[in-house]
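Each chain gets a letter, A, B and so on, in the order the sequences are listed, and its residues count up from 1. Predicted model, so just to flag it, every value in this text is computed and none were measured.
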Amino acid sequence: MPQNLERAIPLRSVRTKNSSKDWTSDSDGSDKFEWDSDGEAEASSAPAMRNFDAPGPSTLSSNGWINGEPPPTSLIEGYVAMGFPKEMVVRSSKEIGHGDADALLELLLTYKALGDDDDALGNHSTSGCNLPIVEDDDDLDFENWDGDDDTGGRESSSDDSGYEEFLREMSDKDEKINSLRDMGFSEDEANMAITICGVDADLSVLVDSISASQVTEVCHSRNLSDHQVTARCFDSFGGKKRARLIEESKKKRKRYGGGAQGKRPSSDGSDEESMPLPNPMVGFNLPGYRGPSMTRVLPELATGPPYFYYENVARAPKGVWAKITRFLFDIQPEFVDSLHLCAAARKRGYIHNLPTENRSPLLPLPPKTIFEAFPHDKKWWPSWDQRTHFNCLQTCTASAPVTERIQQKLSSSGNPPPQSVQKYVRHQCSKWNLVWVGKDKAAPLEPHEMEYLLGFPKDHTRGFGKTQRYKSLGNSFQVDTVAYHLSVLRDMFPNGITVLSLFTGIGGGEVALHKLGIHMRAVVSIEICKANRKILRSWWDQTQTGTLIEIDDVKSLKDDEIASYVHRFGGFDLVIGGSPCNNLAGSNRHHRDGLEGEHSSLFYDYFRILNSVKSAMANM
DNA sequence: AAGACTCGGATACTTCTT
DNA sequence: AAGAAGTATCCGAGTCTT
């Protein structure tokens, strides 16, 4: 749900500038909600995540920095704000440079995970250093099995003595890598297996891991969905705590030099980057769209507890969903257009590890067409406006002059109006989701009408400014859609569930659970917008008896605090949330730079926190 | 080839609130 | 008077569908 870009950016330290609102709350001030983002504003502060395009060859200069330049202080601070030790950031930057935010983050996460998992390794352990620097082939981590280019590769030498020591400490890992190479595996494979299984894993376990990865790769290359990969593939993996490592290992590099919009050349062509959207966009199944019954089997490491549910816009820039998928355990997204469930389109992708059988829709069923939703408007609806559904409800609405111009054009033409006028009016109506509320009078939806279409209780957002309400609603879940997916939890948790809700917004997930009759014993909610927090609190106090804890800044939620909540509530049954889409949404003309952009860190927060929860629960 | 669609952002201005 | 909030207008392109 909610969120803004602002939050995306780490820097609390930087907050100063924009004063007014604290970053924790949305950018707009009052309301910003859910995911989206409005956040670009902060960009300036955002340190780090910029990637420069030129992929040129990386070279290690005499000062120990790749490409010869130390990272800007702001960049380091940005990662430190994300929770990484400064020393680790510096070291990582030296290893792979700071130009590629994706690679750098990946390496940091790997280091961190390894360090967390195995103290014996120490921070340095990470041999992550052996991780290949930037490979071109990217995405497919499991891809280049054959090429072991890396080996000799990296002359990482460098003058940095600290770095060398670091390398020395990795001897244990190197030894295993050598053994695996002797067995015919590439260094990449060996590295990945160690990343996944841990440096202390037996050689046989590492071998099994590589074999399992190869199976996965084969499945992917055949375009099989994840559910077709048997869990058996992953049985050999280590403990659950390793779960978070998986992704990191998976995402091995997708970097491309291109700019944000990234069209990456895609060396091999086809494949990963492309993740075609289904048509019709009905997900794995929908009421009334019974396709072939499918049962998916998730990799063991992807299964709960906790269950998790991640959402974002379906039409993100190319490569974004492929990347998100890699982070989230290679689970294939379920793309659904809420158009099939209610009267408004809403094309979204959902990555979750919930069962997909025996779902049930919320009752009563919501109106599925505009006329069912607003029968009163039928009286004024011109026959040449044949819309039956609204387009995606967004955060911005038409200004009054739009209505005025439409009215003026229609009143000055006959009936029916000429084609040119019809075309203009139809375009405006589609663009702004206008409804006919009077003779020749097309007006924007009111906030309460949007609440209705999105499945929220009446007046859910009432009491706040209209602009804020539009913004919050535009960034929200479509409750019926999400509830359909979450409905499987009802029978699984008859005594209620505990929820960690990221980017909560106005509580679309919570409302869905409530409408499903699922008791929430406790909800820990992270939402930057003050107005949204108030909206959730207000609704909670009126409808719930469980515990609600609201946190404003996702960046402040660190591992130890997560662990304390896990301990306090006995773990979380569900981690739910969408991440801001400011830089993903097509409507954004300014900074649609996907996950490569400067404001894309919120997704990584989701990822980070999810893995932190998994890790804490594994240690319970 | 043309059309349709997209959880948006920056800015200037006006209006409301403190 | 100053700040907060609301209003209006500007701003395209990537991707998919027809």
Side-chain angles (χ1 to χ4, degrees), chain A residues 1-6 18-21 25-44 259-263 273-281 311-321 335 337-339 344-350 387 389-405 423 426-427 429-433 444 450 453-454 464-478 481-482 503 505-506 508 531-532 577-594 597 599 602:
Chain A
M1 344 209 200
Q3 92 196 68
N4 308 326
L5 297 180
E6 310 168 329
N18 304 347
S19 60
S20 28
K21 283 182 160 230
S25 42
D26 2 353
S27 38
D28 310 24
S30 26
D31 318 22
K32 279 213 140 198
F33 5 50
E34 322 212 16
W35 25 55
D36 22 349
S37 33
D38 335 31
E40 306 252 356
E42 22 187 332
S44 46
Q261 310 262 322
K263 359 211 74 233
E273 288 296 327
S274 70
M275 186 164 288
L277 298 177
N279 186 11
M281 197 180 285
E311 178 263 14
N312 215 321
V313 292
R315 290 182 175 178
K318 262 191 177 171
V320 167
W321 275 108
F335 291 107
D337 190 341
S338 295
L339 160 69
R346 207 165 187 82
K347 295 175 179 62
R348 297 293 182 270
Y350 305 89
R387 289 175 297 157
H389 291 78
F390 294 109
N391 286 328
C392 185
L393 304 184
Q394 302 192 85
T395 60
C396 298
T397 58
S399 59
V402 172
T403 297
E404 219 169 291
R405 284 192 286 269
K423 184 177 179 182
R426 274 198 300 260
H427 182 259
C429 287
S430 294
K431 179 180 179 183
W432 295 110
N433 275 326
M450 286 180 59
L453 292 168
L454 291 170
F464 294 86
K466 214 173 175 180
T467 303
Q468 173 82 57
R469 295 179 71 188
Y470 281 129
K471 196 136 203 159
S472 293
L473 289 162
N475 288 314
S476 174
F477 283 160
Q478 204 288 320
T481 307
V482 173
F503 313 121
I506 56 175
N532 287 341
S579 61
C581 65
N582 304 20
N583 44 348
L584 304 180
S587 299
N588 188 340
R589 281 120 151 123
H590 300 276
H591 311 282
R592 194 184 183 195
D593 44 13
H599 306 288
L602 295 187

Spacing between [X] atom [atom1] and [N] atom [atom2], to the nearest angstrom:
| X | N | atom1 | atom2 | value |
| --- | --- | --- | --- | --- |
| A:K471 | C:dA5 | NZ | P | 13 Å |
| A:H427 | B:dT6 | NE2 | P | 11 Å |
| A:R315 | B:dA4 | CZ | P | 13 Å |
| A:N433 | B:dA4 | CG | C1' | 13 Å |
| A:L453 | B:dC7 | CG | P | 16 Å |
| A:L339 | C:dT17 | CG | P | 14 Å |
| A:K466 | C:dA5 | NZ | C1' | 14 Å |
| A:D337 | C:dT17 | CG | C1' | 13 Å |

[X]: side-chain hydrogen bond (donor to acceptor under 3.5 Å, both in side chains) partners, not counting sequence neighbours:
| X | result |
| --- | --- |
| A:T397 | none |
| A:R426 | A:Q422 |
| A:R387 | A:D385 |

ask   = Which ranges of DNA chain B pair up as stems, where a stem means three or more consecutive Watson-Crick or G-U pairs with both distances under 3.5 Å?
value =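 As far as DNA chain B goes, consecutive pairing (with distances under 3.5 Å) yields the stems B:1-6 with C:13-18, B:8-18 with C:1-11.
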
Set of residues satisfying side chain to side chain contact (heavy atoms under 4.5 Å, CB included) with respect to [X], sequence neighbours excluded:
| X | result |
| --- | --- |
| A:K423 | none |
| A:A345 | A:D337, A:L339, A:K347 |
| A:A344 | A:C342, A:F390, A:L393 |
| A:R589 | none |

task = Report yes if the side chains of A:N312 and A:S579 come closer than 4.5 Å at any heavy-atom pair, otherwise no.
result =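 The answer is yes; the side chains approach within 4.5 Å.
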
request  = Compare all side-chain heavy atoms of A:P444 with those of A:T403 and state whether any distance is below 4.5 angstrom.
outcome  =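 Side-chain contact under 4.5 Å: yes.
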
Side-chain N or O of [X] versus OP1/OP2 of [N]: is the shortest distance under 4.0 Å?
| X | N | result |
| --- | --- | --- |
| A:N279 | C:dC16 | no |
| A:N391 | B:dA4 | no |
| A:T395 | B:dG8 | yes |

inquiry  = Quick check for you: among C:dG6, B:dC7, C:dT15, whose closest atom lies nearest to any side-chain atom of A:C392?
reply    =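 Closest nucleotide among those given: B:dC7.
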
ask   = Which nucleotide, C:dT15, C:dT7, B:dC7, lies nearest any side-chain atom of A:R348?
value =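 Among C:dT15, C:dT7, B:dC7, the one nearest the side chain of A:R348 is B:dC7.
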
inquiry  = When the C1' atoms of B:dG3 and C:dG12 are compared, how many Å lie between them, rounded to an integer?
reply    =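 Taking atom C1' in both C:dG12 and B:dG3, they lie 16 Å apart.
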
request  = Please check if the side chain of A:W321 supplies one atom and the backbone of A:V313 the other of a donor-acceptor pair under 3.5 Å.
outcome  =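 Pair found, side chain donor or acceptor close to backbone of A:V313.
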
query = Mapping A:K423 and A:L584 onto DNA chain B by nearest heavy atom, which one lands closer to the 5' end?
reply =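 Its nucleotide being nearer the 5' end, the pick is A:K423.
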
Anything under 3.5 Å between a protein N or O and an N or O of nucleotides 8-12 of chain C, put it in a table, one pair a line.
unit_1: C:dA8; atom_1: OP2; unit_2: A:A400; atom_2: N; d: 3.2
unit_1: C:dT9; atom_1: OP2; unit_2: A:S399; atom_2: OG; d: 3.1
unit_1: C:dC11; atom_1: N3; unit_2: A:R589; atom_2: NE; d: 3.2
unit_1: C:dC11; atom_1: N4; unit_2: A:R589; atom_2: NH2; d: 3.4
unit_1: C:dG12; atom_1: N7; unit_2: A:R589; atom_2: NH2; d: 3.2
unit_1: C:dG12; atom_1: O6; unit_2: A:R589; atom_2: NH1; d: 3.4
unit_1: C:dG12; atom_1: N1; unit_2: A:G586; atom_2: O; d: 3.1
unit_1: C:dG12; atom_1: N2; unit_2: A:G586; atom_2: O; d: 2.7

